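Report on the following structure.
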Amino acid sequence: MQRFLQAFRVGFWLGWKTESNWTNPLFYILWSLLVPMSNGLIMTMMLRVLQRTGNVNGADLLPYVFIGTVVYSIVALLLDSMAWAVLEDRERMGMLKYIAITPSSMYGYLWGRGFAKVSVNFLAVPLTLTFGALVLDIPIQLSTIDWPLLLAVVVLGLLIVTFAAQILAGVTLMIARHAGFVGQAVSGALYLFTGALFPITVLPIWMQTIARAVPLTYWLEGMRRALWVDARNPAYKTGLEQLSTSNLLLILVGAAVAMAVISIPLQRRAEHRAKEKGLLDMNTAY
Amino acid sequence: MSVILDKHTAVERQPNPRRGKGPSAFTIFWRSVIGRAYPRIIGTQRELSWLFFDIFLPFMATMSYVLVYEAIGAPASYKGLVLVGGAMTAFWLNVLWSMAMQLYWDKEQGNLQLYMLAPTSRMAILTGMALGGLFATTIRAAIILIGGSLIFGIRYQATNWFALVGIFFLSLIALYGMGMLLSSIFLVYGRGAWQMTAALQEPVFFVSGFHFPVKALGTVVATGASVVPLTLGLDAMRQLLFPEMMQQFQFLSVGTEAAILAGLALGFGLVARWALLRMERKSRQDGRLTERGN
Amino acid sequence: MQPEYAIRTVNLQRTYKTKERILKALDGVDLAVRPGELFGFLGPNGAGKTTTIKILTTLLLPTGGTAEVWGFDVLHEADAVRRHINMVSGGESSGYGLLTVRENLWMFTQFHGMDSKLANKRIDELLEVMGLADRAKTRVSFLSTGLRQKMNYIRGLLTDPDVLFLDEPTLGLDVEAARTLRTYTRHWLDTNPGKTVVLTTHYMQEADELCDRVAIISGGTILACDTPTSLKHSLQEDVVFRLFTTPVNPAFLQAVEQIAGVQSISQRSGDQRDELSLILRDDAILPHVLSQLAAHNAGLLSLEKRQPTLEDVFVNLVGHSLSESEASA
């Protein structure tokens, strides 16, 4: 545990240095707002375009979609962070092999890199939600936020996504660097199964079954319930409305444990395989 | 201490008939294009994991956006416009990450200095990267478009295929010209510019209207966003593919958009050439061509 | 037609400005290298060797003076210079890992506009010469450091440059591979009259064995430039001794430096013994040195009078040995 924490500290320090030292803090906050703000605005515009035609009214869906996309941006960020650290350290800095030969923990180091990235961007999410509440009439009010639930869901969500990111980092250890970003691709694809952009009831039954097996579906439901009072009302159909909040939290706890159980051996296996095949210092640019 | 030197200090410019040694500049250009495109094409065959991460997963992401319209029962043509935007996303990402960032990455790996001391043009290297990257990108765009159209039953009402193909290629030429410009900016400003460009990815999706008609953003924003060639390219292609629906969302006429795109293609080409020369000079001045980790 | 000089620099200067200070990397370097020469640069880290090569290969602009390669100005005629040069750096990691050795080499020839048929023919020949023929289809990412360096060396020769810059080319190579590379470089020059090689190296023996002329550079200035034989002859009037002693302390070295007639002394520490290289004006000074040895409680293990080497020339000019300057760098 001590080795993990020490490696985490170094990874966090390095991540913080490389992520935040290229500009001044104020500009950085504005910069970090761009991604969640754009995602939120894209969804807003998609729905408003339809409202203008008078054909369909998407207003009901706006808070659902806005909250979903904005909080999901942190998932995309964290999912990509460790995989990117693997690629950067392996191919750009040539550092990965040196980390691998130290007695410290590679997971600790990667967790540190991931959390550094999330930390420097974390403020952007509440700021974008505030923007949504003030400018786009997204019904989020400080007085109606369920703070204990929010805290619990955020912590559990971060754990689940971090373990998932660890699996992706393991996969990245064994594959080449391609044009796209592995984490972004996975988080983008998970849009389809997590109900980030639309209630999962829109999906065909077999896809709904997959969606119900993805922990992020419950995490997004939890975030909506914590932030938005209407989402706590079973009358608002999300596909998970019948699930009580306590059961939802239990599922998230179980998912966090399951992800830990799955991801740690997978990452170890990937690391072993990378060493076996001599991939820790490969250069795969093309 | 006496310095033993062969004493020839006067520098005189002498006519040198070997100035033209080797192949013509044109030959070097096109061979360089092929040379740099080759790794891009062959690389995709060596590591098939890109099929999953660069094609299958982005396909699913695009389907999610289409399902937003499905969720509220929007007409099929609206899903079509998201699909066209999703397909063109591939080209924007290719320009951003496989072209603009690649030159910076090449510097970090020590390839840039070898490009620089070769008698080739930097435009040739970047063109090679672009053409090589188009292989994978076009497959991704085609799969999103064809797969999505089949799944959601989207019908296109195109009557002028010639114009459609023309707009598509004009958009790409202008877009890749922009990519060349970005790559020189990346090199001069290093990691900061990279972070900035990373942050441009989603904002450009928004202001260029990848998921909705750009006119919805108002004339001022749409005009400003037109500096990204895909803004007008997408609008024109949507007008040609969904003429009925786009009647109320048309930003500019297809002809006007084609003319502006041609101007952008020319403009970006010229500015990129100027910027690359300037970048090379500045980098040589500051000693950055071989400097890593900034 | 060959130009009169393969390389010529006049008062070449390069200054790096940082927030904290201004660093003079080159301070008035004058060079004249004729076609057909194998010209070496010897100097400690930070002496200005690589900066000079970067300027000559058009990767860096000088801040003063002029430089010409194959008759073309590196500042105003960079494109023309590039048609005549190539470069290999020690420890470079260029190329694309997913490509094979052959594909990587072919790719780089294309940036010089070479015909593919000719390029492939030369690739085959050089792979054979460098003992890499059986690795032609191996992906670059799976090559060892040494094999990768061999591939880089082949890349440098493939385009048949008029001036080939070799910046520490044997770095990371085993003894045999380094010898192959040195032998082939000499062979290439002998069989291609007029071709020029500029070599920077840390290895004195390499420079001594290979170079037609050597420039010793330190602090951005050329201290001496001549054939290795002439450089060694410059010490002919002096006498050179090698002493093995029990470990000596810095006070002893300082005391010896104070003795009139001691040109230089350098120390290499070993296991329980030190190796001292002494350059003296004449034999009569040796007893003074030995008495200092006794005065500082050090014992003499062996003493040998020998011919001057390039290392002695270096020590005499720079004030310390190459290994000492690296240790302090």
Side-chain angles (χ1 to χ4, degrees), chain A residues 18-19 21-23 28 31-43 45-50 52-53 55-58 60-61 65 73 91-93 171 174-182 184-194 196-199 201-203 283-286, chain B residues 39-40 42-44 46-47 49-50 52-54 56-61 63-65 67-75 78 82 93-94 97-98 102 105-106 108-109 111 133 136-137 190-192 195-196 199-207 209-213 216-217 248-249 292-293:
Chain A
T18 54
E19 290 297 329
N21 72 350
W22 55 273
T23 187
Y28 192 89
W31 171 84
S32 65
L33 277 173
L34 286 174
V35 172
M37 191 78 92
S38 303
N39 285 338
L41 288 172
I42 285 170
M43 303 319 299
M45 287 312 298
M46 279 181 76
L47 296 175
R48 291 212 168 154
V49 160
L50 274 178
R52 276 183 211 174
T53 63
N55 286 339
V56 186
N57 191 346
D60 287 352
L61 196 63
V65 171
S73 62
E91 310 212 1
R92 182 165 165 252
M93 303 295 188
V171 172
M174 295 183 291
I175 62 169
R177 182 177 80 91
H178 297 302
F181 294 82
V182 171
Q184 279 184 17
V186 172
S187 61
L190 281 175
Y191 265 149
L192 197 56
F193 296 111
T194 53
L197 305 184
F198 46 81
T201 45
V202 175
L203 296 168
N283 175 348
T284 60
Y286 62 93
Chain B
R40 280 283 160 88
I42 212 78
T44 51
R46 297 265 154 85
E47 279 283 340
S49 49
W50 71 280
F52 182 72
F53 289 105
D54 281 3
F56 181 65
L57 296 182
F59 172 78
M60 286 167 71
M63 294 310 108
S64 309
Y65 282 99
L67 279 166
V68 175
Y69 279 150
E70 179 85 13
I72 49 175
Y78 283 83
V82 177
L93 294 179
N94 184 39
W97 297 115
S98 295
Q102 184 62 43
W105 194 277
D106 272 327
E108 299 290 302
Q109 293 190 312
N111 289 322
T137 310
R191 194 175 172 83
Q195 298 272 23
M196 288 294 294
L200 276 179
Q201 186 175 302
E202 273 82 3
V204 167
F205 287 161
F206 172 59
V207 296
F210 275 74
H211 304 91
F212 53 84
L217 291 171
Q248 54 188 324
F249 290 121
R292 297 188 189 185

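To find a chain, count down the sequence lines: A is the first, B the second, and so on, and within it residues start at 1. Being a predicted model, the structure only gives us computed values, none of them experimental.
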**OP:** With a 4.5 angstrom heavy-atom cut-off, could you sort out which part of B/Val204 is near chain A: side chain, backbone, both or neither?
**Re:** neither
Original post:
Does any heavy atom of chain B fall under 4.5 Å from the side chain of A/Leu190, the backbone, both, or neither of them?
Top reply: neither
Subject >> Heavy-atom proximity to chain B below 4.5 Å, by part of A/Met37 >> reply: neither
Are [X] and [Y] close enough that some pair of their side-chain heavy atoms sits under 4.5 Å apart?
X        : Y        : answer
A/Val65  : A/Phe198 : no
B/Val68  : A/Leu47  : yes
B/Phe212 : B/Leu217 : yes

Original post:
For the rings on A/Tyr191 and B/Tyr65, is their centre-to-centre separation under 6.0 Å?
Top reply: yes
Original post:
So which of A/Ser73, A/Pro199, A/Ala185, A/Pro36 has the largest heavy-atom pair count under 4.5 angstrom toward chain B?
Top reply: A/Ala185
